[in-house]
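One structure is given here, and the rest of the page talks about it.
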There are 2 protein chains.
Amino acid sequence: MADRLDSTRAVGVMTDEVLVALRRIMRGVDLHSRALMTSCGLTAPQLIVLRELAEAKLPVGVLARRVSLGQATVTGIVDRLQARGLVERIRSDEDRRSVIVAITRDGRRIVRKAPSLMQDRFQREFASLQPWEQSQILSSLQRVVSMMETPDDEEAPMLGVTMDVVAPGRDA
Amino acid sequence: MADRLDSTRAVGVMTDEVLVALRRIMRGVDLHSRALMTSCGLTAPQLIVLRELAEAKLPVGVLARRVSLGQATVTGIVDRLQARGLVERIRSDEDRRSVIVAITRDGRRIVRKAPSLMQDRFQREFASLQPWEQSQILSSLQRVVSMMETPDDEEAPMLGVTMDVVAPGRDA
DNA sequence: TCGATTTGATTTGTACACGATTTATATTGG
DNA sequence: CCAATATAAATCGTGTACAAATCAAATCGA
């Protein structure tokens with residue numbers, strides 16, 4: 001019964017379970033994001049960005065790196081935030097290519113009363129764990145991150161998924 | 001610079017790090033999905049759906065539950081798969097509201113030569129860990145899942161791996 | 001100084017992913 | 001038998017998220 005996938009090597013079994021857990025986590029985060037949306041009008045990424053800006057005004061590029069998102073994505077998020085008057089764009093005097101994003105008074109007010117990024121349930125349960133369990137979970141997650149992100153983070157050359165399907169010549 | 005987060009309560013510090021790790025993982029999964037796209041023309045969700053269909057033709061609703069996605073999302077994925085001729089839609093004779101999705105010969109061929117869902121790198125690194133590390137990671141992830149999903153909501157049928165911990169009952 | 005390159009941001013196009021609504025078909029109640 | 005209800009899928013609207021193309025400003029080179 002376990003051999004439905006011809007390509008399933010022994011190692012695949014547990015990897016698949018990891019994958020399933022990952023997908024369920026992603027789904028959970030997404031669903032919470034939507035719940036947030038209906039409760040306070042902000043999605044998780046929007047709130048993350050806003051929180052970052054609550055600490056300091058930043059140019060878009062720096063902001064993107066801070067929140068681990070692409071520049072294009074952040075531009076869209078800032079668009080929506082700006083439409084609600086929660087942030088403002090200021091062209092830098094130093095470098096007129098650069099757009100500084102700053103939180104507004106309204107934005108600050110919303111950040112202050114916004115619920116936590118993760119559901120209360122998660123916070124509560126996580127907090128109730130023993131410290132060693134908390135660090136174990138954190139380090140496991142970080143281990144997964146390190147296995148997923150390229151080590152010498154050159155960003156592009158990791159497309160090594162290709163078995164023989166595609167030619168690796170990306171620079172040509 | 002360490003006091004920028006003065007507004008976070010003690011419990012928030014580690015939770016935030018968990019969150020960051022989670023987001024980086026999600027980003028990693030997404031990036032891999034795109035790499036997959038360029039290498040074999042299929043994204044991860046498409047491949048997941050196709051794999052499921054390689055085992056049996058299914059109505060859209062059942063398919064959606066099997067892969068833990070919404071019905072609307074699966075409709076879109078099936079649209080794109082169908083446009084490439086990898087699946088076909090068949091209206092059920094029994095119940096003409098129902099649309100059975102079946103994999104085609106081309107679809108089966110692609111599934112066969114598609115790379116694993118996760119990069120080789122992840123597979124290799126995960127496999128190279130000590131067994132106790134593997135189970136620690138898996139159980140940490142599953143712990144996170146259980147903290148995130150509301151007990152009410154359980155049920156998500158997952159991608160067929162069902163071993164322990166979650167959802168004992170496979171389907172009928 | 002003027003072109004070429006680089007760099008920051010936006011735009012465009014594709015693909016998820018969801019809830020809500022709509023459409024088509026079944027089933028049931030009167 | 002037909003209206004009311006229920007269900008399956010498709011469609012619509014919103015919001016991520018990315019790469020690629022584009023635009024605009026700065027900087028470098030000749």
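Numbers restart at 1 for each chain; the letters A, B, ... are given by sequence-line order, proteins then strands.
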Atom CZ of B:R65 and atom P of D:dT7 are separated, to the nearest Å, by 13 Å
A:H32 NE2 to C:dC18 P: how many Å, rounded? 16 Å
Rounded distance (Å) that lies between atom P of D:dG15 and atom CE of A:M26: 20 Å
Pairing donors with acceptors under 3.5 angstrom, does anything connect the side chains of B:S98 and B:E94? no
Any A:L36 side-chain heavy atom under 4.5 Å of A:T43 side chain: no
Against the side chain of A:R97, the closest entry in D:dT16, C:dG8, D:dT11 is C:dG8
Does the side chain of A:T73 get closer than 4.0 angstrom to OP1 or OP2 of D:dC18 through an N or O atom? yes
When rounded to whole Å, the CE to P distance for the pair A:M37 and D:dT14 reads 10 Å
Length of the CD1-P vector between B:I48 and C:dC16, whole Å: 10 Å
Can you tell which of B:L42, B:L86, B:I103 makes a side-chain contact (heavy atoms from CB on, under 4.5 Å) with B:V111? B:I103
Expressed as a whole number of angstroms, how long is the span from B:R84:CZ to C:dA15:P? 7 Å
Find which nucleotide of DNA chain C each of B:D95 and A:L58 is nearest to by heavy atoms, and output the residue with the more 5' nucleotide. A:L58
Taking CZ from A:R80 and P from C:dT11, how many angstroms apart are they, rounded to a whole number? 12 Å
So what does B:R91 hit on the nucleic acid, given a heavy-atom distance under 4.0 Å: a base, only sugar-phosphate, or nothing? nothing
Assign each of A:G76 and A:E94 the nucleotide of DNA chain D bearing its closest heavy atom; nearer the 5' end lies the nucleotide of A:G76
Quick one: does B:Q71 reach the base of D:dA10 with a side-chain donor-acceptor pair under 3.5 Å? yes
Side-chain N or O of A:R27 less than 4.0 angstrom from OP1 or OP2 on C:dC16? no
How is A:R34 classified with respect to the nucleic acid when contacts are heavy atoms under 4.0 Å: base, sugar-phosphate, or nothing? base
A:V78 vs A:D30, nearer the 5' end of DNA chain C by closest nucleotide: A:V78
Find the distance B:L36:CG to D:dC18:C1' and express it as a whole number of Å. 15 Å
When you get a sec, tell me which of D:dG15, C:dA9, C:dC18 is the closest nucleotide to the side chain of B:L69? C:dC18
May I ask you to evaluate whether A:Q46 reaches the phosphate of D:dT16, defined as a side-chain N or O under 4.0 Å from OP1 or OP2? yes
Supply the atom-to-atom distance A:C40 SG to A:L47 CG, rounded to the nearest 0.5 angstrom. 6.5 Å
Evaluate the criterion salt bridge (Lys or Arg N to Asp or Glu O under 4.0 Å) for residue pair B:R109 and B:D106; output intermediate values, then yes/no. CA-CA 5 Å; B:R109 189 172 48 75; B:D106 277 2; 3.8 Å; yes
Using the closest heavy atom to pick a nucleotide of DNA chain D for each, name whichever of A:D93 or A:V74 lands nearer the 5' end. A:V74
B:T75 side chain N/O closer than 4.0 Å to the phosphate oxygens (OP1, OP2) of D:dA10? yes
So, OP1 or OP2 of D:dA8: does either fall under 4.0 Å of a side-chain N or O from B:R96? no
When all nucleic acid strands are considered with a 4.0 Å heavy-atom cut-off, which category describes B:S98: base, sugar-phosphate, or nothing? sugar-phosphate
Side chain of B:P45, heavy atoms from C-beta onward: which of D:dG15, C:dT10, C:dC16 has the nearest atom to it? C:dC16
Less than 4.0 angstrom from a charged side-chain N to a carboxylate O is my criterion; do B:E125 and A:R143 meet it? no
